[in-house]
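Notes to accompany the following structure.
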Number of protein chains: 2
Amino acid sequence: MADADEWPTGRLLSTAARIVEQAWTERLAQLGLTHAGLIALHLLQEGPAGQTDLARAARVQLQTMARTLERLERLGHVTRQRDTVDARRVLVAATEAGTAAFAAARAVEADVFPPVEDPESLRNALLQIVQPRVATTD
Amino acid sequence: MADADEWPTGRLLSTAARIVEQAWTERLAQLGLTHAGLIALHLLQEGPAGQTDLARAARVQLQTMARTLERLERLGHVTRQRDTVDARRVLVAATEAGTAAFAAARAVEADVFPPVEDPESLRNALLQIVQPRVATTD
DNA sequence: CCTCATCGCTCAGCCTGCTGAGTACCAGGT
DNA sequence: ACCTGGTACTCAGCAGGCTGAGCGATGAGG
């Protein structure tokens, strides 16, 4: 039972995710980034956005995204300012430093993910888990 | 880019893991258990063990496992007591309540994992990510 | 028998998820 | 003009990952 191949698939999935995330974390730390911050920065490459939009796109709660953005702001990777036309919104934009950090991270993206036999079918299976949520969340 | 099928595989993996974990969390909360606690309880079905052993079997850090066990103890699912022959070790054992809770959780295990086309090939891919770690960690 | 490296564990602290509760703002209906 | 509902966000708090530092117990070597 202590052997991984006896584990239920859900546990296997979480563990695999942690392992991959961990590998990323080590690389990103050197760039002053985190796993979560990278996603936000990625989304911001298409232009400024509100926190709620970013949270929805990243599939996390608004509160989680807000905290991540707060960190990114503290580190100078993004700016956050109240929207002038709708004072409820906070407009988030990547700074030059943020964009540069993202580009650097992007460059090492490929060699972090461990090799698997059939990457396409793995992606496919994962999409079957993730996709349904998109429909019900919208 | 906001669409999941554009995402890098690593991000897909983390997101899928979170979704599945979340589904579990909802069910487990009703049994007074958590995702992490369930794993510990599972491992303890084979008898009492030290915290380091449990951590290694669950592929988490000792500190993480210790905190999880502390919670389980607080809730009455396990007991923790100093080993009499090696006073460094803490022997952890499942209580009756813990074993009962585990059995209840086990029963709903199957219907939580979302359906995918080819579960076996997904397991296989995940094992390719998880397994290498076992060899290098031992 | 004593010393010292190693082992098992605790404490402190950070980041990412989540929930629940509360605040400020916008917009629509009366 | 005024509620009223919904939207965007903040604050507080919990659980689970991780790292780094420190401490007592063990056990092997001199």
Side-chain angles (χ1 to χ4, degrees), chain A residues 11 13-30 32-40 48-56 58-75 77 80-92 133, chain B residues 10-11 14-29 32-40 48-75 77 80-92 133:
Chain A
R11 198 176 306 172
L13 181 58
S14 299
T15 305
R18 250 191 309 118
I19 288 172
V20 173
E21 233 168 73
Q22 204 58 23
W24 257 110
T25 298
E26 285 167 22
R27 304 297 196 93
L28 291 178
Q30 298 159 3
L33 282 180
T34 63
H35 181 75
L38 183 68
I39 297 174
Q51 301 189 150
T52 299
D53 303 326
L54 292 170
R56 202 172 36 217
R59 268 82 171 170
V60 296
Q61 293 307 118
L62 166 62
Q63 296 93 318
T64 299
M65 179 54 74
R67 191 145 34 85
T68 298
L69 293 170
E70 206 175 289
R71 257 198 108 255
L72 284 174
E73 184 183 35
R74 217 182 334 156
L75 298 173
H77 291 310
R80 295 198 304 161
Q81 40 193 3
R82 220 83 214 184
D83 188 344
T84 48
V85 303
D86 183 344
R88 288 171 304 179
R89 287 166 64 89
V90 172
L91 272 185
V92 187
R133 289 291 153 141
Chain B
R11 198 175 306 172
S14 299
T15 305
R18 250 192 310 119
I19 288 172
V20 173
E21 235 168 71
Q22 203 59 23
W24 257 110
T25 298
E26 286 167 23
R27 303 298 197 92
L28 292 178
L33 283 181
T34 63
H35 181 76
L38 183 68
I39 297 174
Q51 301 190 151
T52 299
D53 303 326
L54 292 170
R56 202 172 37 218
R59 268 81 170 169
V60 297
Q61 292 307 117
L62 166 63
Q63 296 92 320
T64 299
M65 179 54 74
R67 191 144 35 84
T68 298
L69 293 170
E70 205 175 289
R71 258 199 107 255
L72 284 173
E73 184 183 36
R74 217 182 334 157
L75 298 173
H77 291 309
R80 296 197 304 161
Q81 41 193 2
R82 221 82 214 184
D83 188 344
T84 48
V85 303
D86 183 343
R88 289 171 302 180
R89 288 166 62 89
V90 172
L91 272 186
V92 186
R133 290 290 154 140

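Keep in mind it's a predicted model, so treat the numbers as computed, not measured. Below, chains carry the letters A, B, ... as their sequence lines are ordered, and counting in each starts from 1. Note: hydrogens, waters and symmetry copies are ignored here, and every other heavy atom, side chains too, is used.
Note that CE of B:Met65 is 11.0 Å distant from CZ of B:Arg59, once rounded to the nearest 0.5 Å. Taking CG of A:Leu69 as the start and CD of A:Gln51 as the end, the distance is 5.5 Å to the nearest 0.5 Å. Expressed to the nearest 0.5 Å, how far CD of A:Glu21 lies from CD1 of A:Ile19 amounts to 11.0 Å. Rounded to the nearest 0.5 Å, atoms OG1 (B:Thr34) and CG (B:Leu72) are 6.5 Å apart.
Under the side-chain hydrogen bond (donor to acceptor under 3.5 Å, both in side chains) criterion, the residue pairs touching residues 64-73 of chain B are B:Glu73-B:Arg80, with sequence neighbours excluded.
The A:Arg89 side chain lies nearest to D:dC9 when the options are D:dC9, D:dG17, C:dC18.
Side-chain nitrogen and oxygen atoms of B:Gln51 include at least one within less than 4.0 Å of the OP1 or OP2 phosphate oxygen of C:dT10. Phosphate proximity of C:dC18 to B:Arg18: present, with a side-chain N or O under 4.0 Å from OP1 or OP2. OP1 or OP2 of D:dT10 has at least one side-chain nitrogen or oxygen of A:Arg80 nearer than 4.0 Å. Between B:Thr34 and D:dG16, a side-chain N or O to OP1/OP2 separation shorter than 4.0 Å is present. Dashed line: the shortest gap from a side-chain N or O of B:Thr52 to OP1 or OP2 of C:dC7 is not under 4.0 Å. Using a 4.0 Å cut-off, no side-chain N or O of A:Thr68 falls inside it from OP1 or OP2 of C:dC15. The shortest distance between the side-chain N/O atoms of B:Arg67 and the OP1/OP2 oxygens of D:dG17 is not below 4.0 Å. Here A:Arg56 does not reach the OP1 or OP2 of D:dT7: none of its side-chain N or O atoms lies under 4.0 Å away.
Rounding to whole angstrom units, CZ of residue B:Arg11 and P of C:dG17 are separated by 11 Å. Put simply, CD on A:Glu21 is 10 Å from C1' on C:dC15, counting in whole angstrom units. In this structure, A:Trp24 atom CH2 and C:dT16 atom P are separated by 15 Å, rounded to whole Å. Separating the CD atom of B:Glu73 from the P atom of C:dT10 is a distance of 10 Å, rounded to the nearest angstrom. As a whole-Å value, the separation of B:His35 NE2 from C:dT19 P is 16 Å. When the C1' atom of D:dA8 is taken as reference, atom CG of A:Leu69 falls 13 Å away, rounded to whole Å. In this structure, the CD atom of B:Glu70 is 13 Å from the C1' atom of C:dA12, given to the nearest Å. In this structure, A:Leu38 atom CG and C:dC15 atom P are separated by 16 Å, rounded to whole Å.
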Enumerate all atom pairs, one protein N or O and one N or O from nucleotides 26-28 of chain C, separated by less than 3.5 Å.
from: C:dC26; atom 1: OP1; to: A:Ala87; atom 2: N; distance (Å): 3.1

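Judged by distance alone, with hydrogens and angles left aside, the side-chain atoms of B:His77 form a donor-acceptor pair with the main-chain N or O of B:Gly32 at under 3.5 Å. A donor-acceptor pair under 3.5 Å is absent between the side-chain atoms of B:Arg89 and the main chain of B:Arg82, judged by distance alone.
Among the protein residues, A:Gln63 comes within range of the nucleic acid bases, having at least one heavy atom under 4.0 Å from a base atom.
Map B:Arg71 and B:Leu62 each onto its nearest nucleotide of DNA chain D; the residue landing nearer the 5' end is B:Arg71.
Across all their heavy atoms, B:Ala17 and A:Ala17 have their closest contact at CB-CB, 3.6 Å.
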